[in-house]
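Written below as C-alpha coordinates is the structure these notes are about.
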Amino acid sequence: MAPLGDGVAPAVAAAPGLVVSFGEMLIDFVPDVAGVSLAESAGFVKAPGGAPANVACAVSKLGGSSAFVGKFGDDEFGHMLVEILKQNGVNAEGCLFDQHARTALAFVTLKSNGEREFMFYRNPSADMLLTEAELNLDLIRRARIFHYGSISLITEPCRSAHVAATRAAKAAGLLCSYDPNVRLPLWPSPQAARDGIMSIWKEADFIKVSDDEVAFLTQGDANDEKNVLSLWFDGLKLLIVTDGEKGCRYFTKDFKGSVPGYAVNTVDTTGAGDAFVGSLLLNVAKDDSIFYNEAKLREVLQFSNACGAICTTQKGAIPALPTTAAALELISKGSN
(Lines give C-alpha, C1' and ligand atoms only; values in the text may rest on other atoms or scores of the structure.)
Protein backbone atom coordinates (compact mmCIF):
# COMPACT_ATOMS: atom_id res chain seq x y z
CA MET A 1 0.00 0.00 0.00
CA ALA A 2 2.61 2.53 -1.04
CA PRO A 3 1.61 6.16 -1.44
CA LEU A 4 2.10 7.69 -4.84
CA GLY A 5 5.79 7.99 -5.59
CA ASP A 6 7.93 9.82 -8.11
CA GLY A 7 6.45 12.59 -10.16
CA VAL A 8 4.00 13.91 -7.55
CA ALA A 9 4.49 17.51 -6.51
CA PRO A 10 5.04 18.09 -2.78
CA ALA A 11 2.05 19.20 -0.74
CA VAL A 12 1.40 22.92 -1.07
CA ALA A 13 -1.40 25.19 0.06
CA ALA A 14 -4.26 24.59 -2.33
CA ALA A 15 -6.13 27.23 -4.26
CA PRO A 16 -9.08 28.56 -2.29
CA GLY A 17 -11.48 26.95 -4.76
CA LEU A 18 -10.09 23.41 -4.50
CA VAL A 19 -12.58 20.60 -5.15
CA VAL A 20 -11.59 17.24 -3.64
CA SER A 21 -13.32 14.24 -5.19
CA PHE A 22 -13.42 10.97 -3.24
CA GLY A 23 -14.09 7.43 -4.44
CA GLU A 24 -13.42 5.12 -7.34
CA MET A 25 -11.56 5.33 -10.64
CA LEU A 26 -11.57 2.38 -13.01
CA ILE A 27 -11.19 1.26 -16.61
CA ASP A 28 -14.36 1.23 -18.71
CA PHE A 29 -14.29 -1.15 -21.67
CA VAL A 30 -16.79 0.28 -24.15
CA PRO A 31 -17.89 -1.70 -27.25
CA ASP A 32 -16.54 -0.21 -30.45
CA VAL A 33 -20.03 -0.60 -31.97
CA ALA A 34 -23.17 0.70 -30.26
CA GLY A 35 -26.31 -1.35 -29.90
CA VAL A 36 -24.75 -4.80 -29.44
CA SER A 37 -24.47 -6.96 -26.32
CA LEU A 38 -21.15 -7.56 -24.59
CA ALA A 39 -21.10 -11.10 -26.00
CA GLU A 40 -21.72 -9.85 -29.54
CA SER A 41 -19.15 -7.06 -29.41
CA ALA A 42 -16.08 -7.77 -31.52
CA GLY A 43 -13.89 -5.21 -29.76
CA PHE A 44 -13.75 -2.66 -26.98
CA VAL A 45 -12.34 0.83 -26.52
CA LYS A 46 -10.46 1.24 -23.23
CA ALA A 47 -11.53 4.40 -21.41
CA PRO A 48 -10.76 5.77 -17.94
CA GLY A 49 -13.90 6.07 -15.82
CA GLY A 50 -15.37 6.26 -12.34
CA ALA A 51 -17.72 9.11 -11.53
CA PRO A 52 -15.70 10.87 -8.79
CA ALA A 53 -12.57 10.84 -10.97
CA ASN A 54 -14.55 12.09 -13.96
CA VAL A 55 -15.78 15.00 -11.84
CA ALA A 56 -12.24 15.90 -10.74
CA CYS A 57 -11.09 15.91 -14.37
CA ALA A 58 -14.12 17.96 -15.42
CA VAL A 59 -13.34 20.65 -12.83
CA SER A 60 -9.71 20.83 -13.93
CA LYS A 61 -10.49 20.86 -17.67
CA LEU A 62 -12.80 23.83 -17.12
CA GLY A 63 -9.97 25.75 -15.44
CA GLY A 64 -10.67 24.89 -11.81
CA SER A 65 -8.56 23.31 -9.08
CA SER A 66 -9.26 19.66 -8.21
CA ALA A 67 -7.79 16.68 -6.39
CA PHE A 68 -8.69 13.00 -6.19
CA VAL A 69 -8.62 10.73 -3.14
CA GLY A 70 -8.79 7.00 -3.82
CA LYS A 71 -6.92 3.72 -4.15
CA PHE A 72 -5.65 1.85 -7.22
CA GLY A 73 -4.18 -1.53 -7.90
CA ASP A 74 -0.38 -1.49 -8.12
CA ASP A 75 -0.75 -2.69 -11.72
CA GLU A 76 -0.45 -1.20 -15.19
CA PHE A 77 -4.06 -0.02 -15.24
CA GLY A 78 -3.72 1.65 -11.83
CA HIS A 79 -0.57 3.54 -12.78
CA MET A 80 -2.13 4.48 -16.12
CA LEU A 81 -5.18 5.96 -14.38
CA VAL A 82 -3.15 8.05 -11.94
CA GLU A 83 -1.08 9.29 -14.86
CA ILE A 84 -4.31 10.29 -16.62
CA LEU A 85 -5.39 12.25 -13.54
CA LYS A 86 -2.09 14.13 -13.55
CA GLN A 87 -2.26 14.71 -17.32
CA ASN A 88 -5.67 16.27 -16.75
CA GLY A 89 -4.34 18.63 -14.11
CA VAL A 90 -5.77 16.79 -11.10
CA ASN A 91 -3.78 16.81 -7.84
CA ALA A 92 -2.93 13.15 -7.11
CA GLU A 93 -1.55 13.55 -3.56
CA GLY A 94 -4.49 11.57 -2.23
CA CYS A 95 -3.90 8.54 -4.49
CA LEU A 96 -2.58 5.23 -3.14
CA PHE A 97 -1.56 1.92 -4.68
CA ASP A 98 -2.45 -1.51 -3.26
CA GLN A 99 -0.01 -4.32 -4.04
CA HIS A 100 -2.56 -7.04 -3.26
CA ALA A 101 -5.65 -5.97 -5.24
CA ARG A 102 -6.35 -5.09 -8.85
CA THR A 103 -7.69 -1.89 -10.35
CA ALA A 104 -11.43 -2.18 -10.99
CA LEU A 105 -12.75 -2.86 -14.50
CA ALA A 106 -16.20 -2.32 -16.00
CA PHE A 107 -17.57 -3.57 -19.29
CA VAL A 108 -20.15 -1.12 -20.57
CA THR A 109 -22.90 -2.06 -23.03
CA LEU A 110 -23.85 0.86 -25.25
CA LYS A 111 -27.45 0.70 -26.41
CA SER A 112 -28.35 2.26 -29.74
CA ASN A 113 -29.58 5.44 -27.97
CA GLY A 114 -26.26 5.88 -26.13
CA GLU A 115 -27.58 4.64 -22.77
CA ARG A 116 -25.50 2.11 -20.85
CA GLU A 117 -25.53 -1.13 -18.91
CA PHE A 118 -22.60 -2.19 -16.72
CA MET A 119 -20.80 -5.40 -15.84
CA PHE A 120 -18.20 -4.86 -13.10
CA TYR A 121 -15.03 -6.74 -12.16
CA ARG A 122 -14.15 -5.73 -8.59
CA ASN A 123 -14.02 -8.61 -6.08
CA PRO A 124 -12.52 -6.84 -4.30
CA SER A 125 -10.77 -4.14 -6.29
CA ALA A 126 -8.26 -1.77 -4.76
CA ASP A 127 -10.68 1.16 -4.47
CA MET A 128 -12.82 -0.92 -2.05
CA LEU A 129 -9.84 -1.41 0.28
CA LEU A 130 -9.04 2.22 1.14
CA THR A 131 -8.86 2.53 4.94
CA GLU A 132 -9.47 5.47 7.25
CA ALA A 133 -5.80 5.43 8.31
CA GLU A 134 -4.71 5.92 4.68
CA LEU A 135 -6.75 9.08 4.08
CA ASN A 136 -4.91 12.28 3.22
CA LEU A 137 -6.97 14.42 5.58
CA ASP A 138 -4.70 17.44 5.17
CA LEU A 139 -5.55 17.53 1.46
CA ILE A 140 -9.27 17.28 2.20
CA ARG A 141 -9.14 20.04 4.82
CA ARG A 142 -7.47 22.43 2.34
CA ALA A 143 -10.43 22.21 -0.04
CA ARG A 144 -13.55 24.30 -0.48
CA ILE A 145 -15.76 21.40 -1.64
CA PHE A 146 -15.69 17.68 -0.81
CA HIS A 147 -17.47 15.62 -3.48
CA TYR A 148 -18.44 11.94 -3.32
CA GLY A 149 -20.78 9.26 -4.63
CA SER A 150 -22.29 6.14 -3.10
CA ILE A 151 -20.20 3.28 -4.53
CA SER A 152 -17.62 3.88 -1.79
CA LEU A 153 -20.34 3.07 0.77
CA ILE A 154 -20.96 -0.49 -0.40
CA THR A 155 -18.26 -2.40 1.49
CA GLU A 156 -15.77 -2.04 4.32
CA PRO A 157 -13.16 -0.74 4.83
CA CYS A 158 -13.92 1.91 2.20
CA ARG A 159 -17.26 2.77 3.79
CA SER A 160 -15.59 3.74 7.07
CA ALA A 161 -12.96 5.74 5.15
CA HIS A 162 -15.75 7.57 3.31
CA VAL A 163 -17.58 8.40 6.56
CA ALA A 164 -14.34 9.60 8.21
CA ALA A 165 -13.43 11.76 5.21
CA THR A 166 -16.87 13.38 5.23
CA ARG A 167 -16.62 13.98 8.99
CA ALA A 168 -13.24 15.70 8.51
CA ALA A 169 -14.59 17.79 5.62
CA LYS A 170 -17.58 18.99 7.62
CA ALA A 171 -15.44 19.76 10.67
CA ALA A 172 -13.18 21.88 8.46
CA GLY A 173 -16.15 23.85 7.11
CA LEU A 174 -16.15 22.43 3.57
CA LEU A 175 -19.26 22.24 1.43
CA CYS A 176 -20.24 18.60 0.86
CA SER A 177 -21.48 17.57 -2.60
CA TYR A 178 -23.25 14.23 -3.20
CA ASP A 179 -24.06 12.53 -6.50
CA PRO A 180 -25.28 9.02 -5.60
CA ASN A 181 -24.59 7.54 -9.06
CA VAL A 182 -26.73 4.46 -8.52
CA ARG A 183 -25.05 1.31 -9.85
CA LEU A 184 -27.40 -1.50 -8.82
CA PRO A 185 -25.18 -4.44 -9.95
CA LEU A 186 -22.67 -3.48 -7.25
CA TRP A 187 -25.13 -3.58 -4.33
CA PRO A 188 -26.42 -6.77 -2.66
CA SER A 189 -30.03 -5.77 -3.45
CA PRO A 190 -32.06 -2.73 -4.57
CA GLN A 191 -33.19 -2.10 -1.00
CA ALA A 192 -29.59 -2.29 0.25
CA ALA A 193 -28.75 0.36 -2.35
CA ARG A 194 -31.58 2.62 -1.20
CA ASP A 195 -30.63 2.21 2.44
CA GLY A 196 -26.93 2.75 1.79
CA ILE A 197 -27.45 5.81 -0.39
CA MET A 198 -29.86 7.39 2.07
CA SER A 199 -27.65 6.59 5.10
CA ILE A 200 -25.49 9.68 4.41
CA TRP A 201 -28.13 11.77 2.62
CA LYS A 202 -28.36 14.47 5.27
CA GLU A 203 -24.58 15.04 5.43
CA ALA A 204 -24.63 16.88 2.08
CA ASP A 205 -24.96 20.60 1.43
CA PHE A 206 -26.05 19.99 -2.14
CA ILE A 207 -27.15 16.91 -4.05
CA LYS A 208 -27.50 16.04 -7.73
CA VAL A 209 -29.70 13.11 -8.76
CA SER A 210 -30.94 11.96 -12.16
CA ASP A 211 -34.64 11.49 -12.89
CA ASP A 212 -34.05 7.72 -12.93
CA GLU A 213 -32.44 7.94 -9.48
CA VAL A 214 -35.40 9.92 -8.12
CA ALA A 215 -37.70 7.15 -9.38
CA PHE A 216 -35.48 4.49 -7.79
CA LEU A 217 -35.01 6.20 -4.42
CA THR A 218 -38.63 7.29 -3.97
CA GLN A 219 -40.20 4.34 -5.81
CA GLY A 220 -42.44 6.90 -7.49
CA ASP A 221 -42.78 9.08 -10.58
CA ALA A 222 -39.74 11.37 -10.94
CA ASN A 223 -41.92 13.95 -12.71
CA ASP A 224 -44.14 14.28 -9.63
CA GLU A 225 -42.71 17.13 -7.59
CA LYS A 226 -44.01 15.59 -4.36
CA ASN A 227 -41.66 12.64 -4.92
CA VAL A 228 -38.70 14.91 -5.63
CA LEU A 229 -39.40 17.01 -2.55
CA SER A 230 -39.53 13.89 -0.39
CA LEU A 231 -35.73 13.93 -0.87
CA TRP A 232 -35.45 17.45 0.57
CA PHE A 233 -34.35 18.03 4.17
CA ASP A 234 -33.78 21.07 6.37
CA GLY A 235 -30.21 22.27 5.92
CA LEU A 236 -29.92 21.24 2.27
CA LYS A 237 -28.86 24.21 0.14
CA LEU A 238 -29.59 22.85 -3.35
CA LEU A 239 -31.21 19.78 -4.87
CA ILE A 240 -30.71 19.24 -8.60
CA VAL A 241 -32.58 16.70 -10.73
CA THR A 242 -31.08 16.10 -14.16
CA ASP A 243 -33.56 15.12 -16.88
CA GLY A 244 -31.20 14.06 -19.68
CA GLU A 245 -31.44 16.15 -22.83
CA LYS A 246 -34.49 17.94 -21.37
CA GLY A 247 -32.20 19.79 -18.95
CA CYS A 248 -32.53 19.98 -15.17
CA ARG A 249 -34.75 21.03 -12.30
CA TYR A 250 -33.50 22.88 -9.24
CA PHE A 251 -34.86 23.29 -5.73
CA THR A 252 -33.62 25.53 -2.92
CA LYS A 253 -35.23 26.75 0.30
CA ASP A 254 -36.42 29.91 -1.45
CA PHE A 255 -36.97 29.08 -5.12
CA LYS A 256 -37.36 26.32 -7.67
CA GLY A 257 -37.46 26.01 -11.45
CA SER A 258 -36.05 24.27 -14.50
CA VAL A 259 -33.40 25.05 -17.11
CA PRO A 260 -33.72 23.52 -20.61
CA GLY A 261 -30.99 21.31 -22.03
CA TYR A 262 -29.34 21.05 -25.45
CA ALA A 263 -30.09 18.72 -28.34
CA VAL A 264 -26.87 17.10 -29.61
CA ASN A 265 -25.93 13.98 -31.54
CA THR A 266 -25.66 11.57 -28.60
CA VAL A 267 -23.11 8.78 -28.98
CA ASP A 268 -22.44 7.73 -25.36
CA THR A 269 -24.01 9.16 -22.20
CA THR A 270 -21.10 7.98 -20.01
CA GLY A 271 -19.81 10.90 -17.96
CA ALA A 272 -22.55 13.38 -18.91
CA GLY A 273 -23.72 13.70 -15.31
CA ASP A 274 -20.10 14.03 -14.16
CA ALA A 275 -19.44 16.84 -16.65
CA PHE A 276 -22.59 18.54 -15.34
CA VAL A 277 -21.50 18.13 -11.71
CA GLY A 278 -17.92 19.22 -12.38
CA SER A 279 -19.04 22.47 -13.97
CA LEU A 280 -21.48 23.07 -11.10
CA LEU A 281 -18.77 22.47 -8.47
CA LEU A 282 -16.35 24.75 -10.31
CA ASN A 283 -18.87 27.58 -10.08
CA VAL A 284 -19.93 26.88 -6.48
CA ALA A 285 -16.26 26.89 -5.46
CA LYS A 286 -15.91 30.33 -7.02
CA ASP A 287 -19.13 31.78 -5.61
CA ASP A 288 -21.50 29.91 -3.32
CA SER A 289 -23.99 32.79 -3.40
CA ILE A 290 -25.63 30.88 -6.26
CA PHE A 291 -27.55 28.96 -3.59
CA TYR A 292 -29.39 32.19 -2.77
CA ASN A 293 -29.39 34.03 -6.12
CA GLU A 294 -31.72 32.42 -8.66
CA ALA A 295 -30.47 34.41 -11.67
CA LYS A 296 -26.87 33.35 -10.97
CA LEU A 297 -27.93 29.74 -10.36
CA ARG A 298 -29.82 29.56 -13.66
CA GLU A 299 -26.78 30.89 -15.52
CA VAL A 300 -24.57 28.27 -13.87
CA LEU A 301 -27.04 25.46 -14.66
CA GLN A 302 -27.27 26.57 -18.28
CA PHE A 303 -23.50 26.13 -18.48
CA SER A 304 -23.70 22.77 -16.68
CA ASN A 305 -26.38 21.53 -19.09
CA ALA A 306 -24.14 22.47 -22.02
CA CYS A 307 -21.18 20.63 -20.47
CA GLY A 308 -23.29 17.51 -19.91
CA ALA A 309 -24.61 17.59 -23.48
CA ILE A 310 -21.17 17.96 -25.07
CA CYS A 311 -19.87 14.99 -23.08
CA THR A 312 -22.40 12.68 -24.81
CA THR A 313 -21.07 13.40 -28.29
CA GLN A 314 -18.11 11.01 -28.11
CA LYS A 315 -17.26 7.70 -26.42
CA GLY A 316 -15.81 7.55 -22.95
CA ALA A 317 -16.10 10.06 -20.12
CA ILE A 318 -12.78 11.84 -19.52
CA PRO A 319 -11.83 12.16 -23.22
CA ALA A 320 -15.27 13.67 -23.91
CA LEU A 321 -15.22 16.27 -21.10
CA PRO A 322 -15.76 19.75 -22.58
CA THR A 323 -13.72 22.92 -22.40
CA THR A 324 -15.26 26.21 -21.35
CA ALA A 325 -15.03 27.46 -24.94
CA ALA A 326 -16.95 24.44 -26.29
CA ALA A 327 -19.70 24.89 -23.69
CA LEU A 328 -20.04 28.60 -24.43
CA GLU A 329 -20.23 27.86 -28.16
CA LEU A 330 -23.10 25.41 -27.61
CA ILE A 331 -24.91 27.92 -25.37
CA SER A 332 -24.61 30.53 -28.12
CA LYS A 333 -26.54 28.22 -30.45
CA GLY A 334 -29.47 28.06 -28.05
CA SER A 335 -31.13 25.37 -25.92
CA ASN A 336 -33.86 22.85 -26.81
Side-chain angles (χ1 to χ4, degrees), residues 1-9 11 18-29 46-57 59-60 66-88 90-106 118 120-143 146-169 176-181 183 185-187 196 200 274 317-318:
M1 272 87 67
L4 201 59
D6 296 340
V8 177
L18 178 66
V19 175
V20 169
S21 206
F22 173 92
E24 72 284 350
M25 188 177 189
L26 62 154
I27 305 282
D28 286 337
F29 286 93
K46 184 180 70 198
N54 295 343
V55 168
C57 290
V59 170
S60 181
S66 68
F68 182 76
V69 174
K71 201 181 217 184
F72 301 79
D74 190 7
D75 52 38
E76 284 200 37
F77 283 150
H79 289 274
M80 181 194 90
L81 289 174
V82 173
E83 195 56 40
I84 286 168
L85 287 174
K86 293 194 286 186
Q87 288 167 2
N88 281 273
V90 177
N91 178 325
E93 287 174 48
C95 296
L96 297 157
F97 292 112
D98 192 312
Q99 295 173 349
H100 306 291
R102 296 292 190 196
T103 301
L105 308 178
F118 295 88
F120 292 94
Y121 285 78
R122 52 195 307 269
N123 51 345
S125 52
D127 59 288
M128 301 161 69
L129 302 177
L130 180 68
T131 66
E132 182 177 347
E134 293 172 318
L135 290 170
N136 187 332
L137 294 177
D138 289 339
L139 174 62
I140 292 170
R141 293 181 181 119
R142 296 205 310 267
F146 181 62
H147 174 74
Y148 47 86
S150 69
I151 289 173
S152 45
L153 296 170
I154 297 173
T155 54
E156 293 290 359
C158 190
R159 178 184 167 80
S160 291
H162 180 139
V163 170
T166 306
R167 192 186 309 123
C176 289
S177 161
Y178 188 19
D179 178 359
N181 252 302
R183 296 288 180 265
L186 295 178
W187 291 87
I200 60 162
D274 306 324
I318 292 172

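The basis for the numbers below is simple: all heavy atoms, side chains too, and nothing from hydrogens, waters or symmetry mates. Residues: numbered from 1 along the sequence shown.
Atom-to-atom distance recorded for Leu81:CG and Gln87:CD is 10.5 Å, nearest 0.5 angstrom. Going from atom CG of Leu129 over to atom SG of Cys158 covers 8.5 Å, rounded to the nearest 0.5 Å. Note that CZ of Arg167 and CG of Leu137 are 10.0 Å apart. Values are rounded to the nearest 0.5 Å. Here Ser150 contributes atom OG and Ile200 contributes atom CD1; the two are 7.5 Å apart, rounded to the nearest 0.5 Å. In this structure, Leu105 CG and Phe77 CZ are separated by 6.0 Å, a value rounded to the nearest 0.5 Å. Between atom NE2 of residue His79 and atom CZ of residue Phe97 there is a gap of 4.0 Å, rounded to the nearest 0.5 Å.
Here the closest non-hydrogen pair linking Ala169 and Cys176 is CB-SG, 4.3 Å. Summarising the geometry of Phe120 relative to Pro185, their closest heavy-atom pair is CD1-CB, 4.3 Å, with the distance given to 0.1 Å. For the pair Ala317 and Asn54, the tightest heavy-atom approach, listed with the atom from each and the gap, is CB-ND2, 3.4 Å. In terms of heavy atoms, Gly149 sits closest to His162 at O-CE1, 3.2 Å. In terms of heavy atoms, Val82 sits closest to Ala92 at CG1-CB, 4.2 Å.
Annotation: Arg183, atom CZ; neighbour count of heavy atoms from other residues, nucleotides and ligands within 6.0 Å is above 12.
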Kindly list each side-chain donor-acceptor pair under 3.5 angstrom involving residues 21-28, sequence neighbours excluded, with atom names and distances?
unit_1 : atom_1 : unit_2 : atom_2 : d
Ser21  : OG     : Pro52  : O      : 2.6

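Taking the side-chain contact (heavy atoms from CB on, under 4.5 Å) definition, one finds that Ser125 meets it with Ala104, Arg122, Asp127, Met128, sequence neighbours left out.
Residues Asn91 and Arg142 have side chains in contact (heavy-atom distance under 4.5 Å, counting atoms from C-beta outward). Side-chain contact between Cys95 and Leu85: present, with at least one pair of heavy atoms (C-beta onward) separated by less than 4.5 Å.
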**Q.** Check against side chain to side chain contact (heavy atoms under 4.5 Å, CB included), Leu139 and Leu18
**A.** CA-CA 10 Å; Leu139 174 62; Leu18 178 66; 4.2 Å; yes

Q: Just do the side chain to side chain contact (heavy atoms under 4.5 Å, CB included) check on Ser160 and Thr131 with the steps written out, would you?
A: CA-CA 7 Å; Ser160 291; Thr131 66; over 6 Å; no

Q: Start with the C-alpha gap between Leu130 and Leu135, add the side-chain angles, then the distance that decides, and say whether side chain to side chain contact (heavy atoms under 4.5 Å, CB included) holds.
A: CA-CA 8 Å; Leu130 180 68; Leu135 290 170; 4.0 Å; yes

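By the 30° and 60° cut-offs, the orientation of the rings of Phe146 relative to Tyr148 is tilted.
In summary, the side chains of Thr103 and Asp75 do present a donor paired with an acceptor at a separation below 3.5 Å, with no hydrogens or angles considered.
At least one donor-acceptor pair under 3.5 Å links the side chain of Ser60 to the backbone N or O of Asn88.
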